[in-house]
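These numbers come from the heavy atoms of this one structure, side chains and all, not from hydrogens, waters or symmetry mates.
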Amino acid sequence: MPIEPIVNNRTARWGTYAIAFVITAAIFATAFWASVYFNTRRAAEIRTAQDSISVDILSLETQFDLLAQHSCQDISENSVLSKEIQPLGERLAYLETQRGVNQDELTRLKRYYSLLQIKDLLLMQQVAQKCGLKSVFIQYFYSNKGDCAKCEQQGYVLTALSELYPQLRVYSFDYNLDLGALRTLTQIHDVQNELPALVINNKTYYGFKSMDDIGKILPQLKTLKKTATSTAQKLDTNP
Amino acid sequence: MELVTYTLLFVSLYFEVFLLVTFLEKIAYRKHSAASTPQTYPSVAIVVPCFNEERGLGATLHSLLALHYPAGKLEVIVVDDGSTDKTFAIASEFAPQVRVFRKENGGKHTAMNFALAQTNAELIGCLDADSVVEPEALLRTARVFEQTEVSAVTPGIHVRAPHTLLQHMQNVEYRISIFIRFMQAALGSAFVTPGPFSVFRTSVVRELGGWREGHSTEDMELALRMQAGGHLIANAPGAVVYTTTPRTFRALLRQRVRWTYGFLRNALDYRYMLANRSYGNLGLIVLPLALVSIFSGIYFFFSVVFQLTISLISTYTRVEQTGLLPHPSLELYYVNTSAMWFLVWVAILFVVVLICAGSWIGSGSRKPPLSTPLFLFFYSFLVPIWLSVAVVRAFFNTGVRWR
């Protein structure tokens, strides 16, 4: 049974206008609060993962110090650390794109992450040297200040390469991050603010480098094993 | 850009909330009533203006002749507005129960004015020849006229026998329209008296000078003129009329461009009402937000298209550079929890509530039509097309045609 008509004049009832405004404002406030809440939880998740990785690094360093008494097999090429550090970077990058994130907290997380990467880089370089591992290292310097047009594409290429070759270790650094250890790293390799920049085998390369370019710089890539899933995902452009 | 998006989202949500709050306030002390018989039966003339309507005219006239209303009080008038098909012959078959007139083609408003000159009925209504009425429709309408301050009554319009997907989506849209029309009347702010079965006090129409061309939307122009003159337009959702809706996108586009164009040009003609407290809810919220909704619909559409284009270019670049297809993560961490996304979902939820409310007002059932998901996710991408075309045409004052 349909409803009866409501006949009414058009005189405005200000109370209704005010109630609707308060409800709409409350909905907006809830949406912003929820967004901040979830981003804070994300940051907390990253912080926990970083703490866990920090412990892993300490453990690895200790193992390395004890190498004289233990076999190189104890430190595998695919340590827990290397599996965890890349997803952490991706999560951090995603968090950077979100609104309502505490910027101080974000910078703190990025600095901590960069520090963990540098420690992992140094340690894995020593392990690779002493144990004769095949690991290949790339240091990638980018900027997300809007002054690096090719950084996004370079990121895609390096992500794809690290997915294809698990033994390839890519370390990404925000060139503009205020971190002493990072400054020292850029000074050691004399990395200039001409981004994107890649440090491969102690040599610095500037500008965008495609997969083919990197393949030419690093011929040993061909000797590394590819992952099964990455191979399956690769588009077959050469039948 | 972000400020504009949030502002438009706020305004859109505010209007939805305002309508729902008003609805709850008004409905709190209303009841459904089976009583549909008026205490008195005013004489009524229902006019069917026709231009090449041979396909639907028969059904329209049959439904009018089946109306539950005293025979001596109901007059059905067909005005053939210069048809070139069998319209006149078909209408003539219904004589003498139906008065049939033929005139040179001059547009719907001229056909209505012609009929106005032929009748002495107290009430005069219009029924487009693509629509049919339920037998109780006129009784429910006539009852509202017992309130002397009411000058016009609009019906509850439903989609007639939807077949195509497009018609099913319009079926959902019409539920929202039932709600909006009901609420606009409840706010004393109706600004359209639709062609399918709107009924007027004949004296008021004469006093106002009859129908005008009104940028091919004479039903909107007359309603705005009534509002300008302080006349009250009510809505009787129980006066059910079924109208044939466009089957193809091309036909729908033409119809909606005409409606939107007509609204924009008429709003321009009656711009003194906008933000004018003298016109109450109509000037303060209903008309301004109807205008804002057109521009926000276009803005949101182009924003989404812009974002999608950027995303597609990015994916293409990625595949081109790496030869690898990106694989989106299914982890909870990457679920979009931005404030914007929450607000969009709230707005969609409110639209569903409006559909349910429209269903309840129109039919007594709160269940939304099955095609509601289709409407929500596809129709919203069609609407901005006609809004954009209409805005451009209204800007250049190109005029629009019925067919």
Would you find a donor on one side and an acceptor on the other, under 3.5 Å apart, between the side chain of Gln227(B) and the backbone of Ala190(B)? yes

Given that the side chain runs from C-beta out, which part of Thr11(A) has a heavy atom under 4.5 Å from chain B: side chain, backbone, both or neither? backbone

Between Arg42(A) and Tyr333(B), is NZ or CZ placed under 6.0 angstrom from the six-membered ring centre and within 45° of the ring axis? yes

Is chain A contacted by the side chain of Gln147(B), its backbone, both, or neither, given a heavy-atom distance below 4.5 Å? side chain

What part of Val286(B) lies closer than 4.5 angstrom to a heavy atom of chain A: side chain, backbone, both or neither? neither

So which bits of residues 22-32 of chain A come within less than 4.5 Å of chain B, counting non-hydrogen atoms only? Ile23(A), Thr24(A), Ala25(A), Ile27(A), Phe28(A), Ala31(A), Phe32(A)

Can you name the nearest heavy-atom pair linking Phe179(B) to Ile361(B), along with the distance? CD1-CD1, 3.7 Å

Between Arg318(B) and Thr315(B): side-chain donor-acceptor atoms closer than 3.5 Å: no

Select, from Ile285(B), Val153(B), Asn336(B), Val150(B), the one with the greatest count of heavy-atom pairs under 4.5 Å involving chain A. Ile285(B)

Would you confirm whether Tyr206(A), through its side chain, and Leu198(A), through its main-chain N or O, come within 3.5 Å as a donor-acceptor pair? no

Side chain, backbone, both or neither: which part of Ser278(B) has an atom under 4.5 Å from a heavy atom of chain A? backbone

Contacting moiety of Leu13(B), where chain A heavy atoms sit under 4.5 Å: both

Shortest non-hydrogen contact between Ala290(B) and Ser293(B), atoms and distance: O-OG, 2.7 Å

Is chain A contacted by the side chain of Leu20(B), its backbone, both, or neither, given a heavy-atom distance below 4.5 Å? neither

Do Thr107(A) and Leu177(A) come within less than 4.5 Å of each other through their side chains, counting heavy atoms only? yes

Below 4.5 Å from any heavy atom of chain A, which atoms of Gln184(B) appear? Answer side chain, backbone, both or neither. neither

Greatest number of non-hydrogen atom pairs under 4.5 angstrom with chain A, of Arg277(B), Glu149(B), Glu331(B), Met340(B), falls to Glu331(B)

Looking at Glu134(B) and Arg140(B), does any basic side-chain N land under 4.0 Å from a carboxylate oxygen? no

Decide yes or no for Thr193(B) and Ile233(B): does some side-chain heavy atom of the first lie under 4.5 Å from some side-chain heavy atom of the second? yes

Go through the atoms of Ile214(A) and report whether side chain, backbone, both or neither lie under 4.5 Å from a heavy atom of chain B. neither

With only heavy atoms counted, which part of Phe182(B) is less than 4.5 Å from chain A, the side chain, the backbone, both or neither? side chain

Which bit of Leu9(B) is near chain A, if near means a heavy-atom gap under 4.5 Å: side chain, backbone, both or neither? both

How long is the span from the CZ atom in Arg181(B) to the OG atom in Ser198(B), to the nearest 0.5 Å? 7.5 Å

Can you tell me if Ser210(A) and Asp212(A) form a side-chain donor-acceptor pair at under 3.5 Å? no

Anything under 30° is parallel, anything over 60° is perpendicular, the rest tilted; go ahead and classify Tyr142(A) against Tyr140(A). tilted

Whether Lys110(A) and Glu96(A) form a salt bridge (side-chain N of Lys/Arg under 4.0 Å from carboxylate O of Asp/Glu) is what I want to check. yes

Just give me the residue among Phe21(A), Phe38(A), Phe208(A), Tyr94(A) that pairs up with chain B most often, heavy atom to heavy atom, under 4.5 Å. Tyr94(A)

Examine whether an atom of Glu45(A) lies under 4.5 Å from a heavy atom of chain B, and if so say whether it belongs to the side chain, the backbone or both; otherwise answer neither. side chain

Centroid-to-centroid, Phe191(B) to Tyr270(B), below 6.0 Å? no

Can you tell me which of Glu16(B), Glu2(B), Glu320(B) forms the most heavy-atom pairs within a distance under 4.5 Å of chain A? Glu2(B)

So what's closer than 4.5 Å to chain A heavy atoms on Phe15(B): side chain, backbone, both or neither? neither

